[in-house]
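By convention in this document, chain letters (A, B, ...) are assigned in the order of the sequence lines, proteins followed by strands, and residues within each chain are numbered from 1.
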Protein chains: 2
Amino acid sequence: MDDDQLSRVFAALAEPTRRDIVARLTVGDATVGQLAAPYDVSVQAVSKHLKVLEDAGLVSRSRDAQRRPCHLEAEVFDLMTKWIERYRRRAEERYRRLDTVLAEMDDEVDGATTTNRSNPRERGAP
Amino acid sequence: MDDDQLSRVFAALAEPTRRDIVARLTVGDATVGQLAAPYDVSVQAVSKHLKVLEDAGLVSRSRDAQRRPCHLEAEVFDLMTKWIERYRRRAEERYRRLDTVLAEMDDEVDGATTTNRSNPRERGAP
DNA sequence: TCCGTTCTCAACCATCTGGTTGAACACGAA
DNA sequence: TTCGTGTTCAACCAGATGGTTGAGAACGGA
């Protein structure tokens, strides 16, 4: 499923448990055991979740004796934010243009059949 | 894998093809056939992708004869943005606090007992 | 050294996912 | 009505995913 990092980040956060872990890590670093405690899944399962988060670049781990403290790498959020904002902006811009076009159309035509009014600047012919 | 809508949205965007489709839809509504054209997968595969996007609330479809024009529902982006911003803000805040604490500690102690101080100022506070 | 703790690796299992193909449905045009 | 186009449904397949259990690795402390 994953190709680039963006895919891995989205995929990593598509899991309530993992989002929960990320949320927990915003409070402070934590060991695997501490992170696993609230859930009734095995420690191994949480370890796997952490591997997913680590592969996505969302979490880094250091070493402290047997423990592996997990640390949130919040800059990765920017990757998503940038992608989202880029297209949201584009979409909003389009709606603005669309509104203008529709206003003009309403002046000239009394658009009875408006099923297709969603793509005004795109010729329908395939 | 999916529970809530947030999970579905993240999962939907964890796929390059689907992100591509979303990007394409910011330009304007499009039919399944139009969306499928650029890819060398079957129309059915794209139809499935659109179902995933629709279940996530990212896309809505109307009807135009045999065609099912797809429309981007960009407000759903806010769901993600809100989640991301919430925790990023919290994380940044924490780094700020951590820096303060560490500065104080550097004054008094030569860091012995602190399990957590792994590598605090790697990603310097903004 | 051996012991207990923390964590990961390996094997396994059930389910989900993204792709395929072929058939069927929905509709406009002839 | 019949035909062609656009789309979805159904069955299937290979591979990923999230969970389990059991064994083992890494380490501090006795």
Exercise for the section: Give, ordered by number, those residues of residues 43-59 of chain A having at least one heavy-atom distance below 4.0 Å to an atom of DNA chain D; if nothing qualifies, reply none. Expected result: Gln44(A), Ala45(A), Lys48(A), His49(A)
Problem - Listed nucleotide nearest any side-chain atom of Ala65(B), set dG28(D), dC7(C), dG28(C) - result: dG28(C)
Exercise for the section: Please name all residues satisfying side-chain hydrogen bond (donor to acceptor under 3.5 Å, both in side chains) with Glu73(B), sequence neighbours left out, ordered by chain then number. Expected result: Ser60(B)
Fill in the blank from the handout: Which of Leu50(B), Val52(B), Leu13(B) passes side chain to side chain contact (heavy atoms under 4.5 Å, CB included) with Arg18(B)? Answer is Val52(B)
Problem - OP1 or OP2 of dG28(C) under 4.0 Å from side-chain N/O of Arg67(B) - result: no
Fill in the blank from the handout: Closest to the side chain of Arg63(B), out of dT8(C), dC27(D), dC27(C), is dC27(C)
Practice task
Round to a whole Å and report the spacing from CG of Asp64(A) to C1' of dG28(D).
Solution key: 10 Å
Exercise for the section: Show your reasoning for whether salt bridge (charged side-chain N to carboxylate O under 4.0 Å, His left out) applies to Asp4(B) and Arg19(A). Expected result: CA-CA 12 Å; Asp4(B) 44 333; Arg19(A) 281 201 306 279; 2.9 Å; yes
Exercise for the section: Take the protein atom CZ of Arg68(B) and the nucleotide atom C1' of dG6(D), then report the distance between them rounded to whole Å. Expected result: 11 Å
Problem - Contact summary for Val46(B) and Val32(B), nearest pair of heavy atoms - result: CG1-O, 4.3 Å
Handout entry: Heavy-atom closest contact (Leu72(B) atom, Leu58(B) atom, distance)
Key = CD1-O, 3.3 Å
Problem - Pair Asp55(B) + Lys51(B), salt bridge at N-O below 4.0 Å - result: yes
Problem - Whole-Å gap separating P (dT8(D)) and CG (Leu35(B)) - result: 10 Å
Practice task
Give the rounded distance in Å between these two atoms: CD1 of Ile21(A) and C1' of dG18(D).
Solution key: 12 Å
Problem - Residue met sooner reading DNA chain C from 5', once Gln66(B) and Thr31(A) are mapped to nucleotides - result: Thr31(A)
Practice task
Measure from CD on Gln34(A) to C1' on dC7(C) and round the result to the nearest Å.
Solution key: 13 Å
Practice task
Round to a whole Å and report the spacing from CG of Asp40(A) to P of dG19(D).
Solution key: 10 Å
Practice task
Take atom CZ of Arg86(A) as the centre, draw a 6.0 Å sphere, and report whether it contains more than 12 heavy atoms from other residues, nucleotides or ligands.
Solution key: no
Practice task
Would you tell me if any nitrogen or oxygen in the side chain of Ser42(A) comes within less than 4.0 Å of OP1 or OP2 on dG19(D)?
Solution key: no
Problem - Below 4.0 Å: OP1/OP2 of dG18(D) and any side-chain N or O of Arg18(A) - result: yes
